[in-house]
Amino acid sequence: MNARHRRTRTIDVPANADQVPLARRAVLGILHDWGVPDDSDAVHALRLIASELLTNVVLHASAATAQTGVVVELLDGAWIRMGVHDGHADCPAPADPGTEATGGRGLKIVHAVLEELNGVILTEHTADGGKTVWVEVPCTTDGQATRAVDGLVEEPGDTAGVEPVDDTAACAAMT
């Protein structure tokens, strides 16, 4: 997605299970600060997706990842883009855990939520040998947040820019 106006916040947290709820709350706080209604489909989706992607880092990439980074971007006041980084190079793939398994359905759930919202997911290899899993979902914001983005007004900790999002290094469109 190419964005004309972008606001960005980054969260760095240890790749530990006890940090997943804290990181999820931080993501929700950022969305709230930007005026994304707390009861919106985007917020509900990103709450679940943040939990699933961060849990995947803990379960599958923690040996290669002491810290994980979460990037949250508001693009043109109409899309939320969230990326979760880890140090493992392999692209995640939805599993087929079987009916008796108590886990292993996270990416299938993420895909179903994104399909319902007309969102997207992709994985991008990073220069450190790891990857970032990106999701994008449409959103609405209250008028004040939209005006701030359109006017490129920045808050402390935010970055705003006019550079397009570069997805050319994506390793796979995840289906």
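Every value quoted in this text rests on a predicted model; they were computed, and no experiment measured them.
Not counting sequence neighbours, the partners of Asp128 by the side chain to side chain donor-acceptor pair (under 3.5 Å) test are His85, Thr126. For Thr55, there are no side chain to side chain donor-acceptor pair (under 3.5 Å) partners at least two apart in sequence or on another chain. Remark: Asp12 engages no residue in a side chain to side chain donor-acceptor pair (under 3.5 Å) (not counting sequence neighbours). In this structure, the side chain to side chain contact (heavy atoms under 4.5 Å, CB included) partners of Asp90, at least two apart in sequence or on a different chain, are His88.
Note that the CZ atom of Arg7 and the CG atom of Asp76 stand 13.0 Å from one another [nearest 0.5 Å].
Residues Arg25 and Leu22 are in side-chain contact: their nearest non-hydrogen atoms beyond the backbone lie under 4.5 Å apart. Looking only at side-chain heavy atoms (C-beta outward), Trp134 and Val120 stay at 4.5 Å or farther from each other. In this structure the side chain of Val84 never reaches within 4.5 angstrom of the side chain of Thr132, judged on heavy atoms. In this structure, Asp86 and Lys131 have side chains that are in contact, with non-hydrogen atoms separated by less than 4.5 Å. Side chains of Leu74 and Cys139 form a contact here, defined as non-hydrogen atoms less than 4.5 Å apart. For the pair Thr140 and Val36, the minimum side-chain heavy-atom distance is 4.5 Å or more. Side-chain contact between Met82 and Val70 is present, with at least one heavy-atom pair separated by less than 4.5 Å. Side-chain contact between Ile121 and His111 is present, with heavy atoms from C-beta onward closer than 4.5 Å.
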**Prompt:** Could you walk me through whether Ile80 and Leu75 pass the side-chain contact (heavy atoms from CB on, under 4.5 Å) check?
**Reply:** CA-CA 6 Å; Ile80 298 291; Leu75 307 172; over 6 Å; no

**Item:** CA sep, side-chain torsions, deciding dist, call: His32, Asp38, side-chain contact (heavy atoms from CB on, under 4.5 Å)
**Value:** CA-CA 6 Å; His32 178 81; Asp38 294 339; 3.0 Å; yes

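The nearest pair of heavy atoms linking Pro92 to Thr123 is CD-OG1, 3.7 Å. What you find for Glu73 and Trp34 is that their closest heavy atoms are C-CZ3, 3.8 Å. Of all the heavy atoms in Ile11 and Ala23, the pair that sits closest is CD1-O, 4.3 Å. The two residues His125 and Cys91 make their nearest non-hydrogen contact at NE2-SG, 4.1 Å.
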Please tabulate, for the side chains in residues 41-51, all donor-acceptor contacts under 3.5 angstrom to protein atoms that are two or more places apart in sequence or on a different chain.
from: His44; atom 1: ND1; to: Arg47; atom 2: NH1; distance (Å): 3.2
from: His44; atom 1: NE2; to: Asp39; atom 2: O; distance (Å): 3.4
from: Ser51; atom 1: OG; to: Arg24; atom 2: NH1; distance (Å): 2.8
from: Ser51; atom 1: OG; to: Arg47; atom 2: O; distance (Å): 3.2

Please report, to 0.1 Å, the donor-acceptor pairs under 3.5 Å made by any side chain of residues 59-67, with sequence neighbours excluded.
from: Ser62; atom 1: OG; to: Val58; atom 2: O; distance (Å): 2.9
from: Thr65; atom 1: OG1; to: Ala61; atom 2: O; distance (Å): 3.0
from: Thr65; atom 1: OG1; to: Gly87; atom 2: N; distance (Å): 2.6

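Asp33 and Arg9 are joined by a salt bridge, as a carboxylate oxygen and a charged side-chain nitrogen come within less than 4.0 angstrom of each other.
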